[in-house]
Amino acid sequence: MTVTLNHTIVPATDHRAAARFFASVMGLPELPPAGRDGHFAPVRVNETLTLDFMTADIPADGPAMGHHLAFGVTPDTFDAILTRLRAAGIPYGDDPAQPGNGRTDHPLCARGLYFTDDAHNLYEVMSPA
């Protein structure tokens with residue numbers, strides 16, 4: 001039997017804004033609102049996976065980090081993501097403890113970076129070259 005991840009819930013301070021932010025950085029399509037009363041803002045990651053952003057109560061002083069979601073991408077996709085991060089002035093870096101250091105020399109792959117959203121979710125993007 002093959003097992004695939006279908007979706008995961010990503011906490012957000014504003015589910016629609018968080019989905020828009022993630023989709024714009026990653027170059028992915030936002031889907032129409034889903035769930036009861038549109039409480040999910042899904043983003044299609046690939047043929048089998050969506051990230052379903054959902055507004056959640058996040059304390060003002062929030063946790064140090066929300067979810068950690070890591071993505072393997074092609075070198076061209078990595079370049080496009082990096083270009084969008086720079087153009088939008090979104091901090092990124094090669095260290096999850098310092099995701100704003102502006103570096104891409106990731107310890108586990110040829111190039112990689114982390115960036116965060118306002119709900120303290122940590123996104124990791126990894127490229128083999």
Side-chain angles (χ1 to χ4, degrees):
M1 178 171 125
T2 300
V3 177
T4 60
L5 182 62
N6 176 269
H7 72 276
T8 191
I9 306 300
V10 181
T13 55
D14 175 334
H15 67 302
R16 301 293 302 272
R20 193 172 311 111
F21 169 79
F22 176 75
S24 69
V25 168
M26 299 296 285
L28 298 170
E30 287 182 74
L31 300 176
R36 193 177 58 251
D37 301 321
H39 67 281
F40 293 125
V43 174
R44 169 73 51 206
V45 175
N46 59 38
E47 299 80 27
T48 62
L49 176 63
T50 62
L51 296 187
D52 294 355
F53 291 83
M54 184 176 81
T55 300
D57 284 332
I58 299 170
D61 58 353
M65 182 175 21
H67 288 349
H68 175 169
L69 301 164
F71 302 92
V73 300
T74 65
D76 289 343
T77 300
F78 184 88
D79 291 339
I81 291 167
L82 184 57
T83 297
R84 287 190 289 272
L85 287 167
R86 287 176 174 160
I90 298 168
Y92 64 89
D94 69 340
D95 183 344
Q98 297 178 344
N101 68 17
R103 298 177 60 160
T104 61
D105 51 325
H106 196 283
L108 301 178
C109 58
R111 293 187 304 157
L113 59 82
Y114 299 89
F115 65 96
T116 61
D117 66 17
D118 63 357
H120 308 287
N121 293 304
L122 180 69
Y123 301 101
E124 182 177 10
V125 182
M126 300 167 32
S127 172

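These values consider heavy atoms only, across backbone and side chains, with no hydrogens, waters or symmetry-generated copies. By convention here, the first residue in the shown sequence is residue 1.
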Colleague: Specify the closest pair of heavy atoms between Asn101 and Gly93, including all atoms of both residues, with the distance to one decimal.
Modeller: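 Taking Asn101 first and Gly93 second, the nearest heavy atoms are OD1-CA, 3.0 Å.
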Colleague: Should Arg16 and Pro33 count as side-chain neighbours, where that means a heavy-atom distance under 4.5 Å?
Modeller: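 A side-chain contact under 4.5 Å exists here.
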Colleague: For a quick test of reading the model, state the closest non-hydrogen atom pair linking Asp94 to Tyr114 and the distance between them.
Modeller: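 Scanning both residues, the minimum pair turns out to be O-CE1, 3.4 Å.
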Colleague: Answer with yes or no whether the hydrophobic clustering places Leu69 together with Val25; edges join I, L, V, M, F, W, Y residues whose side-chain heavy atoms lie under 4.5 Å apart.
Modeller: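 As far as the 4.5 Å side-chain criterion goes, Val25 and Leu69 are connected within one cluster.
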Colleague: Regarding Asp76 and Thr74, do their side chains bring together a donor and an acceptor under 3.5 Å, going by distance alone?
Modeller: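 Side chains of Asp76 and Thr74: no pair found under 3.5 Å.
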Colleague: Is there a path from Tyr123 to Leu5 through hydrophobic residues (I, L, V, M, F, W, Y) whose side chains come within less than 4.5 Å of each other?
Modeller: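 Tyr123 clusters together with Leu5.
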Colleague: Determine whether Leu113 and Leu122 fall in the same hydrophobic cluster, where Ile, Leu, Val, Met, Phe, Trp and Tyr are linked whenever their side-chain heavy atoms lie under 4.5 Å apart.
Modeller: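 As far as the 4.5 Å side-chain criterion goes, Leu122 and Leu113 are not connected within one cluster.
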Colleague: Quick one, His39 and Thr55 - any side-chain contact, counting heavy atoms below 4.5 Å?
Modeller: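 They are not in side-chain contact.
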Colleague: Given side chains that start at C-beta, do those of Thr77 and Ser127 come closer than 4.5 Å, heavy atoms only?
Modeller: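 Of all side-chain heavy-atom pairs linking Ser127 with Thr77, none is under 4.5 Å.
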Colleague: Taking it one step at a time, do Val125 and Tyr92 satisfy side chain to side chain contact (heavy atoms under 4.5 Å, CB included)?
Modeller: CA-CA 10 Å; Val125 182; Tyr92 64 89; over 6 Å; no
Colleague: Which heavy atom of Pro11 sits nearest a heavy atom of Ala119, and at what distance?
Modeller: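 Scanning both residues completely, I find the closest heavy atoms to be O-CB, 3.6 Å.
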Colleague: Going from CG on Asp52 to OG1 on Thr8, what distance comes out if it is rounded to the nearest 0.5 angstrom?
Modeller: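 So the CG of Asp52 and the OG1 of Thr8 are separated by 8.0 Å.
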Colleague: Applying the 4.5 Å side-chain criterion to the ILVMFWY set and letting contacts propagate, would Val45 and Met126 be lumped into a single cluster?
Modeller: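 Different clusters: Val45 never reaches Met126 through Ile, Leu, Val, Met, Phe, Trp or Tyr contacts under 4.5 Å.
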Colleague: Indicate if Met54 and Val43 have the same hydrophobic cluster label, given that clusters are the connected sets of ILVMFWY residues with side-chain heavy-atom separations under 4.5 angstrom.
Modeller: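 Unlinked, Met54 and Val43 end up in two clusters.
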Colleague: Within this structure, what is the CG-NE2 distance for the pair Asp95 and His106, rounded to the nearest 0.5 Å?
Modeller: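 Spacing of CG (Asp95) from NE2 (His106) equals 9.5 Å.
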Colleague: Using 0.5 Å steps for rounding, measure from the CG atom of Asn6 to the OG1 atom of Thr50.
Modeller: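 The distance works out to 6.0 Å.
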Colleague: Could you tell me the separation between the OG1 atom of Thr13 and the CG atom of Asp117, rounded to the nearest 0.5 Å?
Modeller: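 Atom-to-atom, Thr13:OG1 and Asp117:CG are 7.5 Å apart.
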Colleague: I'd like to know if the side chain of Thr48 pairs up with that of Asn46 as donor and acceptor (distance under 3.5 Å, no hydrogens or angles considered).
Modeller: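 Thr48 vs Asn46: donor-acceptor pair found between side chains.
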Colleague: So for atom CZ, which belongs to Arg44, do other residues, nucleotides or ligands contribute more than 12 heavy atoms lying within a distance under 6.0 Å?
Modeller: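 Counting neighbours around CZ of Arg44, more than 12 heavy atoms of other residues, nucleotides or ligands fall under 6.0 Å, so yes.
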Colleague: Does the His67 side chain pair with the main chain of Ile9, one donor and one acceptor, at a distance under 3.5 Å?
Modeller: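 Side chain of His67 to backbone of Ile9: a pair is present.
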Colleague: Angle class for the Phe22/Phe53 ring planes (parallel below 30°, perpendicular above 60°, tilted otherwise)?
Modeller: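 Rings of Phe22 and Phe53: tilted, as their planes differ by 30° to 60°.
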Colleague: Quick check: closest heavy atoms across Pro91 and Gly100, and the distance to 0.1 Å?
Modeller: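 Taking every non-hydrogen atom into account, CB-CA, 3.9 Å.
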Colleague: Indicate yes or no: at least one non-hydrogen side-chain atom of Thr104 is less than 4.5 angstrom from one of Phe78.
Modeller: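 The answer is yes, as the side chains (C-beta and beyond) meet within the 4.5 Å cut-off.
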Colleague: Salt-bridge test for Asp79 and Arg111: reply yes if a basic N is under 4.0 Å from a carboxylate O, no otherwise.
Modeller: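 Answer for the salt bridge query: yes.
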Colleague: Kindly indicate whether the side chain of Phe40, heavy atoms from C-beta on, has any atom under 4.5 Å from the side chain of Leu31.
Modeller: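 They are not in side-chain contact.
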Colleague: Looking at every non-hydrogen atom in both residues, tell me the closest pair between Pro96 and Pro99 and how far apart they are.
Modeller: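 Minimum heavy-atom contact is O-CD, 3.5 Å.
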